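Note that the coordinates shown come from a computational prediction; the quantities given were computed from them, not determined experimentally. Labels below follow one simple rule: chain letters A, B, ... track the order of the sequence lines, proteins then strands, and each chain is numbered from 1.
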Amino acid sequence: MSPKKKATRELFALGNEAVVEGALLAGCSYFAGYPITPSTEIAELMSTRLPATEDGVFLQMEDEIASLGAVIGASLAGRKAMTATSGPGFSLMQEHLGYACMTEVPLVLVNVMRGGPSTGLPTSPAQGDVQQARWGTHGDHPIIVLSASNVQQCLDMTVRAFNFAEKYRTPVVLLLDEVTAHTREKVRVPSSSECEVLSRITPSMPPEWYVPYEDSMRGVPPMPPLGSGYRFHVTGLTHDENGYPTSKTDEVDDLVKRLHRKIDQFFYDIQVVHEEQCEDAEVAVITYGCVARSAHLAVQQAREKGYKVGLLELNTLFPFARSAVERLTRQCRALVVPEMNMGQISREVKRVNNGRAQILTLNRVDGQIVTPGELLKTVIKA
Amino acid sequence: MKSPMQLNRFEIRLSGTGGQGVLTLGRILGHGLAIEHGYYVTQTQSYGPEARGGASRADLVVNSQPINYPKPEQLDFLVALSQEACNRYFQRLKPTGRLFVDTTLVTQTPSNQFWGLPCTEIAREKIGLVQATNIVALGALTHVLPFARPAAMKRSLEANLPAKILELNLKAFTAGYNQARKDIPDGPTQWTFS
Amino acid sequence: MSEVTQLIHHYLRHSKKFPHVFCPGCGHGIVLGSLIRSVHALSLSKDDVVLVAGIGCSGRMAVYVDFNTLHTTHGRALTFATGIKTANPKLKVIVVMGDGDALSIGGNHLIHAARRNVGITALILNNNIYGMTGGQSSPTSPDGCRTTTAPHGQLEAPFDTVDLLRGAGANFVARGTVMHAKMLDKLITTALDRPGFNVVEVLTPCHTQYGRKNEFKTAVDMYRDLKKRSISLDGYSNLSEEERPNRVPIGIFEQRDNRGLEEHYEQMRQQLQGGQQ
Amino acid sequence: MPKKPKKGNTKVWVYPDWCKGCGLCVAFCPGKVLELNEQGKAEVVHPEECINCGFCELHCPDFAIVVTPKEGAEQETAPQAHEGQTSAAPDC
């Protein structure tokens with residue numbers, strides 16, 4: 001069942017709509033979700049598009065917990081599956097996000113961040129869920145968290161999110177914000193031939209030789225779809241390589257460490273960062289999401305005024321870009337971290353910085369995007 | 001045919017009350033400028049309960065270069081289809097910015113420097129459908145914006161509207177465009193671009 | 001009878017430790033046997049059966065049987081099952097839940113799975129208590145019974161699982177007990193062989209947690225009590241109002257033939273694609 | 001009325017390793033074929049009384065009981081002494 005070859009198209013689309021285009025391009029054929037502002041357009045567009053495809057399924061579930069449960073079920077049945085939500089729904093999904101980490105089920109979860117805590121500001125942007133995406137579900141687990149700052153990136157990063165999910169058998173969280181999700185821009189939808197799409201590796205051995213959670217160099221076991229003759233047990237309990245619950249210390253240790261290793265050892269593959277004018281920078285702005293757009297303008301304006309300012313845009317938030325940031329901490333006098341929270345990525349920057357450079361934060365939590373003007377002032381001060 | 005113009009952050013706010021089709025207008029104008037003209041465009045809008053009932057707005061930033069900050073900072077062009085919207089957003093206009101109003105509904109303009117067209121009336125009288133006000137306005141905007149081409153905007157209408165209401169809307173577009181050409185003949189030349 | 005146990009052995013995972021983890025006299029083993037016999041009676045392939053379990057004693061059932069098995073989160077088994085069934089309608093998806101699982105934490109999922117009529121067979125193993133966590137009250141603990149969180153007696157009324165599910169729109173609603181294994185076989189076999197959402201509530205005593213706190217000396221006493229209380233639907237309808245309290249009707253309460261969600265969905269897809277041609 | 005069940009045509013086996021000694025088979029066997037032994041496990045003490053009703057095998061929660069026909073014996077299954085049918089009152 002090869003995807004139909006389609007020519008490159010240009011759309012004038014919302015960030016949320018670009019997510020759908022990206023997902024379909026990446027081979028997503030299953031969406032289960034629950035309406036919540038400001039992510040709802042993703043579900044709405046999926047409900048139009050998926051039933052019109054060869055095998056696409058859209059379900060509106062009774063809540064966000066059920067949505068992610070259905071997505072996990074569908075992924076186990078062999079589908080590339082996703083859901084989309086916003087803050088309150090993301091909180092509800094943490095239970096199953098942990099289950100997906102533990103059972104190594106590939107899926108993509110888009111969280112369009114809005115003001116919080118609690119129901120907060122439903123129609124305003126924020127970046128308050130960054131650390132929740134990393135640590136929201138209980139237990140010690142690795143996870144991949146991506147972000148996007150414009151509509152084209154919404155498409156590109158959704159494709160990447162699926163690719164990482166499939167390649168590493170892990171849930172991937174794509175963090176957007178209300179501004180990025182609700183900005184309409186020109187977006188180029190590449191043809192399927194010019195877009196790399198990865199799929200999970202299925203077992204090549206006979207079923208009786210298949211060890212569902214066997215370790216390997218990559219640390220990512222092959223994954224058969226349910227019903228294909230490879231019968232095995234899936235559990236959220238710590239399990240042995242056969243998938244059966246265990247509390248034996250060595251088996252538990254092996255499992256938890258492999259889960260970390262399979263992400264850690266591919267750190268450089270997972271890193272997506274963009275540097276701009278960093279070669280001679282004395283001050284660098286480290287940014288992500290919609291704030292990155294303001295930052296691009298502020299850096300441009302600072303350069304015009306003669307300040308040596310660079311920019312590091314993070315598209316991968318976790319695993320955190322420690323290598324790129326560390327280099328800047330050695331090179332720059334100061335790092336500026338503007339965010340729409342009280343300091344969630346600056347916390348990571350400070351950890352990597354280890355006291356070398358001066359770290360300046362610029363935090364807005366009033367539901368408004370950090371403006372280029374206020375950021376420029378901070379950059380000039382640094 | 002107008003030749004493509006170089007633009008540096010041209011900021012447009014389309015405003016009115018809920019139900020006037022301001023968001024649709026924003027989408028069609030944005031699509032036209034982005035896809036059919038090839039500009040960089042970001043279009044944002046008000047969401048939530050605010051977008052029903054009361055004031056409604058859609059913002060566009062148009063640029064020949066990639067756009068960083070997606071929201072308008074200082075408006076080059078304010079389109080107000082209601083008195084309330086005109087009052088609320090007029091202060092955001094640049095000193096060199098232009099105001100366009102629907103004179104059927106906006107009777108008190110804060111400045112005597114404005115362009116006006118009775119869009120609602122045209123929609124009601126000539127098209128027979130008050131819901132076509134937004135497309136009448138689109139026709140007028142296509143005339144007064146020196147970088148907008150009518151053929152491209154018509155293609156945008158085709159791309160964004162269902163077939164069964166397309167013909168009516170093309171008629172509304174043409175009505176708005178022709179009336180603007182008649183009433184505001186020097187509109188396109190009055191701009192000062194930064 | 002001779003082949004019954006051999007048959008069951010054919011479906012068990014022999015890499016797992018037996019006897020299984022359930023307490024002596026726990027009815028969950030009887031349900032497992034009944035489920036296996038039903039799958040066999042319908043000649044379903046092990047590869048095509050997906051058994052999804054929740055959390056609690058019933059959740060441990062999945063690990064023992066050689067199907068595609070999932071041990072999911074508390075109360076959410078139906079959500080995973082919904083995903084599996086709608087992603088691959090060819091699979092025979094069976095969900096095993098406890099009463100706390102299905103009716104308390106998973107109550108929302110249960111009524112919506114019934115409303116949605118998704119093609120799943122759900123077994124609700126009702127032992128009136130939270131067994132695994134140590135005997136706390138469940139939504140089916142009878143009024144007045146003792147539990148570790150109702151030491152002075154349960155004050156709340158229990159759910160009637162059957163009424164709840166009939167109201168929610170399930171295609172097939174039945175109640176059986178582990179004291180009546182043959183009837184249970186029949187109920188589960190019927191449920192497995194029907195379209196849409198089919199539920200069998202199974203009354204299964206928990207002596208370890210419920211019985212000991214409520215003056216049942218042995219597991220056998222609980223089975224005797226279950227036998228005494230159970231009555232066929234016809235028998236129940238013939239009872240007078242005064243005779244009814246403390247009697248539990250068992251049998252088939254609802255039988256509709258509505259198509260499952262996944263079939264509806266496929267029909268919509270065909271219509272959409274037909275319209276495009 | 002069901003005809004009188006034949007006795008003595010079957011063998012009853014208990015796997016002691018799997019028996020947890022719950023006593024269900026002992027309590028409900030219509031022929032009193034089984035008893036709990038000193039180790040607390042079910043043991044066949046009166047095999048000749050077995051009427052092949054199958055209750056013990058179907059209701060053993062641990063799959064520890066097998067009832068097989070004796071070689072050459074007439075294969076017959078007696079009506080379940082304790083089995084409720086949908087149509088009949090199960091508390092008979």
Side-chain angles (χ1 to χ4, degrees), chain C residues 1-9 12 18-20 22-34 36-37 64 174 176-187 190 204 207 218-224 226-236 238 247-252, chain D residues 5 9-29 33-34 36 39-42 50-71 73 75-92:
Chain C
M1 282 301 128
S2 62
E3 64 285 352
V4 172
T5 299
Q6 278 93 334
L7 174 80
I8 284 168
H9 283 244
L12 295 180
F18 281 95
H20 50 55
F22 305 119
C23 303
C26 174
H28 286 25
I30 302 172
V31 182
L32 179 57
S34 188
I36 288 173
R37 290 190 295 272
Y64 291 110
T177 90
V178 291
M179 189 61 208
H180 306 89
K182 240 188 182 166
M183 177 188 180
L184 189 60
D185 285 12
K186 206 183 281 174
L187 294 177
T190 310
T204 161
H207 180 252
T218 64
V220 168
D221 288 346
M222 295 198 76
Y223 281 76
R224 287 211 170 95
L226 191 58
K227 191 180 157 199
K228 200 172 82 192
R229 287 190 295 122
S230 312
I231 180 166
S232 74
L233 267 172
D234 288 345
Y236 188 78
N238 291 333
R247 298 302 294 273
V248 191
I250 60 176
I252 297 170
Chain D
N9 281 340
T10 48
K11 273 185 180 172
V12 183
W13 299 87
V14 178
Y15 304 142
D17 280 4
W18 285 26
C19 173
K20 289 176 186 155
C22 65
L24 286 180
C25 54
V26 175
F28 294 103
C29 176
V33 174
L34 297 134
L36 288 183
Q39 284 89 44
K41 308 254 182 186
C50 175
I51 58 163
N52 198 20
C53 74
F55 182 94
C56 58
E57 187 163 15
L58 286 176
H59 290 82
C60 174
D62 294 289
F63 316 122
I65 306 179
V66 183
V67 183
T68 55
K70 275 185 184 163
E71 270 175 50
Q75 297 244 1
E76 184 193 8
T77 303
Q80 293 258 305
H82 296 262
E83 198 50 52
Q85 302 298 323
T86 15
S87 52
D91 58 338
C92 56

What do you reckon, is NZ of Lys11(D) surrounded by more than 12 foreign heavy atoms closer than 6.0 Å?
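Atom NZ in Lys11(D) is not crowded, with 12 or fewer foreign heavy atoms closer than 6.0 Å.
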
Check the angle between the aromatic planes of His9(C) and Tyr15(D) and answer parallel, tilted or perpendicular using the 30° and 60° thresholds.
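Correct class here is perpendicular.
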
If you compare all heavy atoms of Gly33(C) against all heavy atoms of Phe63(D), which two are closest, and at what distance to 0.1 Å?
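So the minimum-distance heavy-atom pair works out to CA-CE2, 3.6 Å.
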
Does Thr5(C) reach the main-chain N or O of Ile65(D) with its side chain, forming a donor-acceptor pair under 3.5 Å?
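Here the side-chain-to-backbone pair exists.
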
Set of residues satisfying side chain to side chain donor-acceptor pair (under 3.5 Å) with respect to Lys20(D), sequence neighbours excluded:
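Listed in chain order: His20(C), Asp62(D).
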
Please identify each residue that fulfils ring-ring contact (aromatic ring centres under 6.0 Å, His included) with His207(C), with sequence neighbours left out.
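Partners of His207(C) by the ring-ring contact (aromatic ring centres under 6.0 Å, His included) criterion come out as none, since no residue qualifies.
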
Most heavy-atom pairs under 4.5 angstrom with chain D, which of Phe22(C), Tyr236(C), Tyr223(C)?
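Winner by heavy-atom pair count: Tyr223(C).
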
CG on Leu184(C) to NE2 on His59(D), rounded to 0.5 Å
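So the gap between those two atoms works out to 8.5 Å.
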
Approximate separation, where rounding is to 0.5 Å, of Ile30(C) CD1 and Cys22(D) SG
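That separation rounds to 7.5 Å.
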
Per-residue contact mode, Arg224(C) against chain D (heavy atom under 4.5 angstrom)
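For Arg224(C), heavy atoms of backbone and side chain both lie under 4.5 Å from chain D.
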
Checking Val178(C) against chain D: side chain, backbone, both or neither under 4.5 Å from a heavy atom?
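Looking at Val178(C), just its backbone touches chain D.
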
Out of Leu24(D), Asp17(D), Val26(D), which one racks up the most heavy-atom pairs below 4.5 Å with chain C?
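Of Leu24(D), Asp17(D), Val26(D), Leu24(D) has the most heavy-atom pairs under 4.5 Å with chain C.
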
For Met179(C) and Phe55(D), run side-chain contact (heavy atoms from CB on, under 4.5 Å): C-alpha distance rounded to whole Å, both residues' side-chain angles, the deciding distance at 0.1 Å, then the answer.
CA-CA 9 Å; Met179(C) 189 61 208; Phe55(D) 182 94; 3.5 Å; yes

